[in-house]
Structure formats: C-alpha cells, structure tokens
K.L.:
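Please find one structure pasted underneath; my questions will follow.
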Amino acid sequence: MRKIEDFALDLNHRLHKHDVILAFAGEIDNKTMNTIIGNIDDKIEKLSLDPITKKRFYHVMVECLENLYRHNEPIPNQNSTETPFAVFTLLKENEDYFLTTGNYIKNDQVDVLKDKIEKINRMTLEEKKIFYREVLSNKTFSEKGGAGLGMIDIALRSSDALSYEFKPINDNYSFYVFQTKILN
C-alpha cells in the first residue's frame, strides 16, 4: 500500500518536469471550484490557442472539475462531514497540455470506473458520438446527479486515450488519478 507522501512526490516530480499553468491541491467545494474556474478563464486567455481549441480546452477543464466536485469522497479515516480533498493540475509539455486530477474514491467503485474508461478508450470517434447520444437520450441520473456523460464528453474533446490509475489507500479507499491530453 502506497502512502500519501508518495503521491505528493509523484506530483512534485510532474510539476518540475513541465510548465505549470495551474496547480491546486486541497479541499474541493463549490466555492473553490468556482475560484479555480475563474483562474482557468484568466490562464486560457493568456495561452496562444485558436478559438476552437480554447473552447474545447475550457470545456474539458470544467468537466474535470465538476467530476472532482460530484464524485469525490472525504479523506479516508476522517469525519464524513469533512470536505473532500482533490488535486487538479494543468501542465504544458512542448505544445501539448495535460490536465490531471486526483481524488479519493471507494474501492467498490474502482472496477466500474475502470470498465467505463476502458470501454470509452476502445471506441472510435464516431462510436463515442453515438454512445454520447445514447446516454443522453437514456435520461438516467446517478445518485450524485450525473447522467454519465462527463467522461464521454471529455474523451470526445481530448487528443489521446484517457489515462488513469487507482492507488490503493486502505481496504475501503483508493486515490484515483485521471489525465487527459489536449493538443494545441
């Protein structure tokens, strides 16, 4: 089992290896999410991106933040009323941008999420579009308020396959690291 310090070292290494545009680690709530979105707005305007890429870029970042906010679990071994902890980084390497998020999830959700990401990664662009319309027309919402469109939407707007890792914390929780790439 890996310690949280290992995650911090991994993040520190990634931050020093790339140009950091935005980095956040801490409690995520509605106010924090809105502050990050405001900061992203300012940062995107300063990037030399064409208007279509800029719009796609912004949409993916907002969707990732919403996923953090909706699907994050409180820190394991903490009072359940604690605000959940999350990591959000936006890095540039050469001409590409990498958006990485991290949050705690319950272990019983790992296989479901892994299967969903793998299914989306196996799809062609056209299959993703069809799947998106199918899920949209399904109109079924999860207990956390989502319809399951977020991950598909991110995949439609990203440049490569969705990347992920689940790092076990204890018998009940894992730390979920998600990354997507957006070409400039």
K.L.:
Which atoms form the tightest heavy-atom contact between S159 and R56, and what is the distance?
P.N.:
OG-NH2, 4.2 Å

K.L.:
Tell me, please, which residues at least two apart from L125 pass side-chain contact (heavy atoms from CB on, under 4.5 Å).
P.N.:
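Checked L125 against side-chain contact (heavy atoms from CB on, under 4.5 Å); matches are K129, L156.
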
K.L.:
Take the angle between the ring planes of F85 and Y104 and call it parallel below 30°, perpendicular above 60°, tilted in between.
P.N.:
tilted

K.L.:
Measuring from atom CZ of F98 to atom CD of E93, what distance do you get when rounded to the nearest 0.5 angstrom?
P.N.:
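Atom-to-atom, F98:CZ and E93:CD are 5.0 Å apart.
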
K.L.:
For D160, check side-chain hydrogen bond (donor to acceptor under 3.5 Å, both in side chains) against everything at least two apart and list the hits.
P.N.:
K181

K.L.:
Are I37 and Y97 linked, directly or through intermediate hydrophobic residues, by side-chain heavy-atom contacts shorter than 4.5 Å (ILVMFWY only)?
P.N.:
yes

K.L.:
In Å, rounded to the nearest 0.5 Å, how long is the span from CD of E63 to CZ of R157?
P.N.:
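E63 atom CD to R157 atom CZ measures 9.0 Å (nearest 0.5 Å).
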
K.L.:
Does any non-hydrogen side-chain atom of Q179 lie less than 4.5 Å from one of L99?
P.N.:
no

K.L.:
Tell me, please, which residues at least two apart from N103 pass side-chain hydrogen bond (donor to acceptor under 3.5 Å, both in side chains).
P.N.:
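side-chain hydrogen bond (donor to acceptor under 3.5 Å, both in side chains) check on N103 returns nothing, list empty.
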
K.L.:
Using a 4.5 Å cut-off on heavy atoms from C-beta on, say whether the side chain of E127 contacts that of R122.
P.N.:
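Side chain of R122 against side chain of E127, heavy atoms only: no contact under 4.5 Å found.
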
K.L.:
Can you name the residues that form a side-chain hydrogen bond (donor to acceptor under 3.5 Å, both in side chains) with E66, not counting sequence neighbours?
P.N.:
none

K.L.:
Would you indicate whether the side-chain heavy atoms of S174 and E165 approach each other to under 4.5 Å?
P.N.:
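No, too far: nothing below the 4.5 Å cut-off.
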
K.L.:
With sequence neighbours left out, what residues match N39 under side-chain contact (heavy atoms from CB on, under 4.5 Å)?
P.N.:
L22, T35

K.L.:
F24 and L68: side chain to side chain contact (heavy atoms under 4.5 Å, CB included), yes or no, with the steps?
P.N.:
CA-CA 12 Å; F24 168 82; L68 280 179; over 6 Å; no

K.L.:
For the residue pair L113 and M151, establish whether any side-chain heavy-atom pair is separated by less than 4.5 Å.
P.N.:
yes

K.L.:
So K92 and D96, salt bridge (charged side-chain N to carboxylate O under 4.0 Å, His left out) or not? Walk me through it.
P.N.:
CA-CA 6 Å; K92 181 178 181 187; D96 301 326; over 6 Å; no

K.L.:
Considering residues at least two apart in sequence or located in another chain, which fulfil the side-chain contact (heavy atoms from CB on, under 4.5 Å) criterion with N30?
P.N.:
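Once residues adjacent in sequence are excluded, the partners of N30 under the side-chain contact (heavy atoms from CB on, under 4.5 Å) criterion are M33, N34, Y69.
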
K.L.:
Looking only at atom types and distance, does a side-chain atom of N121 sit under 3.5 Å from a main-chain N or O of A161, one as donor and one as acceptor?
P.N.:
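It does not hold such a pair.
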
K.L.:
Do F88 and I36 have side chains that get closer than 4.5 Å, going by heavy atoms?
P.N.:
yes

K.L.:
For the CG atom of N107 and the CD atom of Q109, what is their distance to the nearest 0.5 Å?
P.N.:
9.0 Å

K.L.:
Give the C-alpha distance, both sets of side-chain angles, the deciding distance and a yes or no for side chain to side chain contact (heavy atoms under 4.5 Å, CB included) between I154 and N67.
P.N.:
CA-CA 11 Å; I154 291 168; N67 283 345; 3.7 Å; yes

K.L.:
Between CG of L65 and CD1 of I28, what distance do you get to the nearest 0.5 Å?
P.N.:
6.0 Å

K.L.:
Just to verify, what does T32 make a side-chain hydrogen bond (donor to acceptor under 3.5 Å, both in side chains) with, not counting sequence neighbours?
P.N.:
D29

K.L.:
Could you grab the distance from atom NE2 of H71 to atom CD of E73, nearest 0.5 Å is fine?
P.N.:
10.5 Å

K.L.:
Dump the intermediate steps for side chain to side chain contact (heavy atoms under 4.5 Å, CB included) on L149 and L136, then the final yes or no.
P.N.:
CA-CA 7 Å; L149 294 172; L136 186 60; 3.5 Å; yes

K.L.:
I'd like to check T180 versus S163 (side-chain heavy atoms, cut-off strictly below 4.5 Å). Are they in contact?
P.N.:
no

K.L.:
If the condition is ring pair (Phe, Tyr, Trp, His ring centres under 6.0 Å), which residues does F166 pass it with, not counting sequence neighbours?
P.N.:
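Testing F166 for ring pair (Phe, Tyr, Trp, His ring centres under 6.0 Å), a comparison that skips the adjacent residues, returns Y164, Y176.
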
K.L.:
For a quick test of reading the model, state the closest non-hydrogen atom pair linking F178 to C64 and the distance between them.
P.N.:
CE2-SG, 3.9 Å

K.L.:
With side chains defined as the heavy atoms from C-beta onward, is the minimum distance between I120 and I152 less than 4.5 Å?
P.N.:
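Yes, their side chains come closer than 4.5 Å.
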
K.L.:
Are side-chain heavy atoms of F131 and K119 found at a separation under 4.5 Å?
P.N.:
yes

K.L.:
What verdict does the side chain to side chain contact (heavy atoms under 4.5 Å, CB included) test give for V87 and F175, after you've listed the backbone C-alpha separation in whole Å, the side-chain angles of each residue and the deciding distance to 0.1 Å?
P.N.:
CA-CA 10 Å; V87 174; F175 195 76; 4.0 Å; yes

K.L.:
Mind checking what makes side-chain contact (heavy atoms from CB on, under 4.5 Å) contact with N172, not counting sequence neighbours?
P.N.:
N170

K.L.:
With rounding to the nearest 0.5 angstrom, report the CG to CG distance, L91 to D19.
P.N.:
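These two atoms lie 8.5 Å from each other.
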
